[in-house]
Structures are given as structure tokens and as C-alpha cells.
Amino acid sequence: MKKLLVPLLASGFLFSVTMLASAATAKPAAKEAPKATPKPAPAPIPQAKPAASKTKSVNQIESMQPGFAFNGGIDIKIFDMINAGFLETSDWYFYPVYRLQMANVFDKQNFGLFADLEKPGYANITYPFIKVNELYAKFQQDTFYVKLGRQVFGDKDDLLLGLQNDAISVGFDLGKTDLLFFLARTQILAPWNTGGNIESVIGFVPTFTLGDTMGLRGYLLIGMEPITITTGTPPNLDTEDSVNTIIHAGGKYALDMPAGPAANFGLDAQLGVQFGMAKTAADDSIDAMGLGMKLDAEYASQLETFGFAVGGHIVYTSGDPDPLVNTKCGFASSNALPGSGPGLFSKIQDGAGPYTYLDGHLVSPKIQNYAGVMAIGVTGEISFQTVTPGLGLWIYSNTDDEGESLGTELDEWVVWRMSDIVSFYQEAALFIPNRDGIGWPPSPADAPKSAVKLMVGSAIQF
């Protein structure tokens, strides 16, 4: 189920992604206003078949129908970040994104190529001239398929899976069942070590479509990080190469069903367990057992000229003492995709490492990675033909310190769809931290300032 009510535009980049992911509407990021039809289109459930909201190019490569397809988009915005660590003084920044997707499936060859390329630009940070979001070859014979190259796994709403990396994947598309195996070279932050990264992930992700209203997806993810263990005392030191392993196992249930003549009710329920088989560089065993739960519910109604949608969101992940000073680590989401995390202070721009360029500076990586945090959110929006305003409220607590408050976030957004291909958007977010919140720089003893995010932009899709 797509999270219809997640706060709009976790980032301008994410907005560009959403623009490309929908050929019918031109609107930003993690929001999609109900269409002005007598009955709203159902939210997609986990499935193996291409969804109608996917782009022409994505549908072409997933269906493996012979032919060529392309689509693209332009997203131009200005934004400001105040007291978020990245910008300490108010100053507007310009950020354009130009993106193109292409797919070609060769007739009678069971072979296809897919490319998703982007020309990004951002503030004072240097990006590659061309950023490759996806670039892979696919071979399919009957129900069996193989994909090799840069790929995306999971989605921004997943608690357990969200990768955009070089990989090889194989699977069986059995209609209402898809069995996916993959091996990806990645950069996920190890929950026990803020200076180390998981370098590869093995995954088994079976997906089951249950009728027209339900879906179920399972996750078994194994991440590996090579380390060197040093024991003994100088000058008699012994070194040994080892591999740390983190395992995420769980599932995601999605429901989308009619709730009236022009209304739908949707539900996402996710549960994950984290295991760790890891050691520190000094050969101390790490306890990385953890539990994560995520629940998103929404109700949306749409008439010809007026509609509304309301939603509730709950996230709980088990906490831990400070992993920098001991060997106990709590649950941490491995989702590194732009837009993952709650509210408008989620991951807002993709970069080259385990975090985005801004994520290390924003409100708290603890919140963005659901690391030992309790998040409760309420979101809502109203649509008036071409204009859709919305509001969101998020309350965050720390589950590794007897539920101490981390802070409160207020979100606001407006989307104006001039046509099917052109839209304007505006968003604002205010994070009010707890004065004694753990993890807020420069130190818990200082009174932190509220963080502000402002953004205005426009996008075109074709």
C-alpha cells in the first residue's frame, strides 16, 4: 500500500522520483492526492505485476513486452534549512533535477535494458555530473528472470528494506507470487558502529498478492561487514580478519479496500526482528537483538470536485544504551532510500554513502533511521480540484531512555496541479526538540534550537 498520507515531499528529489513514478499526475513526493473520479483508484499492494501508477518505462521492462519506452521529468526548487546543522543562517539555495528513464525490450530475445539517469545539482556539495539511479539488463524465460546492474529494492515506506545499489537478482514470477533473491553491494550504516558500514546484503523477498485487496511480503536480509580484530598487548598484537553479520527477518501486510461509494481504507502493518552476529575491533561480542513495528492507516474519500484524506502512523523500535560506550545495540532500519523515515525531516536527498549528504546534519539520525524511537504521526489533506493543502503532526520519543521525549514536528504543504504534467508545490516543517533530548548537538546540556525547513518548487513530467 502506498502511504498516501505521508507528509508531502520528503525532499525535492523524492518529488522528482514520484513525478516519474506516475504518468497520470504531476505532483510531488510522498503525497498523491486522490484523483477527481467517482471512485478513487486503489492504492497499490505488494505485488509482482506492474502497477498502473508506474511509468511507461518501468512497465515496459517489468512486463518484458517488446518495444521501446521513455519518460522523464524536470524538478526545480529553492529551499532553506535553518538550525538543522547544515545551514546555521538563513539562505535560500537553488536545486534543479533533470531525469530520464528509458527501457528497451528486444523482440524475440527475452532480453531488455533499463536506465534511470539524473542530472542533479545541490547547494555547495559536489555531485557526479550524471547520477545513475538504475541501470540494469534483464533476461526472462517463462517465469524465471535475472537482473544485473544498478537496481532499487524495497520502497521508502519499508521498515526493513530500501536499497539502491549494484546487484544481481534472480526470481520467479508466478503471477500472484514473486520469489526474489538478490546480492547487493551496498553502504548501510551498521547499528553498532557509526563509523562502519554494511558492505553487502543478501536478500530473499517473496511477495504474494491475495485477491484484489491484500498483499503480503516477507523479508530475510543478511548484511555483512568485514572487520579486523586486534587482541593482545603491544608489542605482541594479534590481528584476525572477521565478518560482522546483521539479519533482518519479518513481513509486511497491506490492505486496500472500498469503504463507501467514493472512499477507500488502507492499512500497512510491518513487523521485523533484528539479529546480530558481530564483534568489536577489540573482540567483544555485540548484542544487536531488536524489534521493530510500523503501522500506517488511512481513509480517503474523493468526489468530483472535493476530497479529503486522513491517516495515522505509529512506529516502535526497541532501544538500547549508548552503543558508542558499550556493546548493546537496538533496532535500526536499513532503509537508505530518499523519503524513508517519518515526517518532512526524513532522508531528503540521495548521496554516495549510507546516509544522504544532509542526513548526518539534520534533526537526528536516530529519528531518520527509526533507531530506538517511538514515532506517532497524524496527517491529513483536503483537495479542491487542482489545489491540495495538507498538515502533519509527529511526536517522537526515545525508547532507550524510559520514553524520554525527543521532540515534536509540525508539517505543512500545498500542491497546485496546473495540468497533468505541470505542478507547483510548497512545503514547510518545524521541529521543536526537547531541551534535554539525547543526541541533539552540541550536547544534551545546551538548549537546542528549533529546526526549520522551507521549500518552493515546480515540476514537469512527460
Side-chain angles (χ1 to χ4, degrees), residues 2-3 6 10-11 13-23 29-30 44 46-51 53-64 69 71-73 75 97 99-103 112-118 120 128 130-138 145-171 173 178 180-188 198 200-207 217 219 221 223 248 252 333-341 346-356 359:
K2 66 184 173 184
K3 187 157 45 168
V6 181
S11 73
F13 171 84
L14 182 59
F15 167 66
S16 179
V17 173
T18 304
M19 295 291 299
L20 289 168
S22 174
Q47 56 183 334
K49 298 299 183 182
S53 61
K54 295 181 180 179
T55 67
K56 294 178 293 183
S57 300
V58 171
N59 282 335
Q60 192 79 24
I61 194 69
E62 290 193 354
S63 66
M64 291 297 287
N71 52 271
D75 181 16
V97 171
R99 193 168 180 184
L100 177 65
Q101 287 184 334
M102 297 175 291
L113 298 173
F114 179 77
D116 183 349
L117 308 177
E118 174 185 317
I130 296 294
K131 181 178 180 294
V132 179
N133 294 311
E134 289 192 271
L135 180 61
Y136 62 82
K138 180 180 179 181
Y145 64 87
V146 179
K147 294 165 66 176
L148 179 63
R150 177 68 56 88
Q151 303 172 51
V152 172
F153 300 95
D155 59 68
K156 62 181 180 57
D157 295 331
D158 276 349
L159 185 63
L160 301 178
L161 177 62
L163 305 177
Q164 182 185 38
N165 297 100
D166 298 330
I168 179 172
S169 59
V170 299
D173 184 352
D178 184 82
L180 171 67
F181 302 82
F182 69 85
L183 170 61
R185 180 183 180 275
T186 185
Q187 288 287 300
I188 299 174
I198 299 296
S200 62
V201 172
I202 299 173
F204 172 50
V205 186
T207 301
R217 179 177 294 149
Y219 302 91
L221 309 172
H248 282 120
K252 177 179 181 179
S333 173
S334 61
N335 195 332
L337 295 177
S340 60
S346 56
K347 296 181 178 65
I348 72 169
Q349 181 57 49
D350 187 41
Y355 293 125
T356 70
D359 283 337

Exercise. Please tell me if the side chains of Y136 and L113 come closer than 4.5 Å, counting only heavy atoms from C-beta onward.
Key: no
Quiz prompt | R217 vs V205 side-chain heavy atoms within contact, under 4.5 Å | solution = yes
Exercise. Kindly indicate whether the side chain of M102, heavy atoms from C-beta on, has any atom under 4.5 Å from the side chain of F114.
Key: no
Quiz item: Angle class for the F182/F153 ring planes (parallel below 30°, perpendicular above 60°, tilted otherwise)?
Solution: parallel
Practice problem: In plain terms, say whether K252 and D155 are close enough for a salt bridge, that is, a side-chain N and a carboxylate O under 4.0 Å apart. | Solution: yes
Quiz item: Below 4.5 Å, heavy atoms only, C-beta onward: do I202 and F181 meet side chain to side chain?
Solution: no
Quiz item: Donor-acceptor pair, S333 side chain versus L160 backbone, under 3.5 Å?
Solution: no
Self-check item: Check: T207 and L180 side chains under 4.5 Å, non-hydrogen atoms
Solution: no
Quiz prompt | Contact check, side chains of Y219 and L159, non-hydrogen atoms, under 4.5 Å | solution = no
Quiz prompt | Closest contact, heavy atoms only, A69 versus S57 | solution = O-OG, 3.3 Å
Exercise. Starting from the C-alpha separation in whole Å, work towards a yes-or-no answer on side chain to side chain donor-acceptor pair (under 3.5 Å) for S200 and R185.
Key: CA-CA 4 Å; S200 62; R185 180 183 180 275; over 6 Å; no
Quiz prompt | Pair Q164-N133, side-chain donor/acceptor within less than 3.5 Å | solution = yes
Quiz prompt | Any donor-acceptor N or O pair under 3.5 Å, side chains Y145, D178 | solution = yes
Quiz item: Below 4.5 Å, heavy atoms only, C-beta onward: do K131 and L117 meet side chain to side chain?
Solution: no
Quiz prompt | NZ/NE/NH1/NH2 to OD/OE distance under 4.0 Å, R150 and D166 | solution = yes
Quiz item: Backbone N or O of N71 within a donor-acceptor pair of the Q101 side chain at under 3.5 Å?
Solution: no
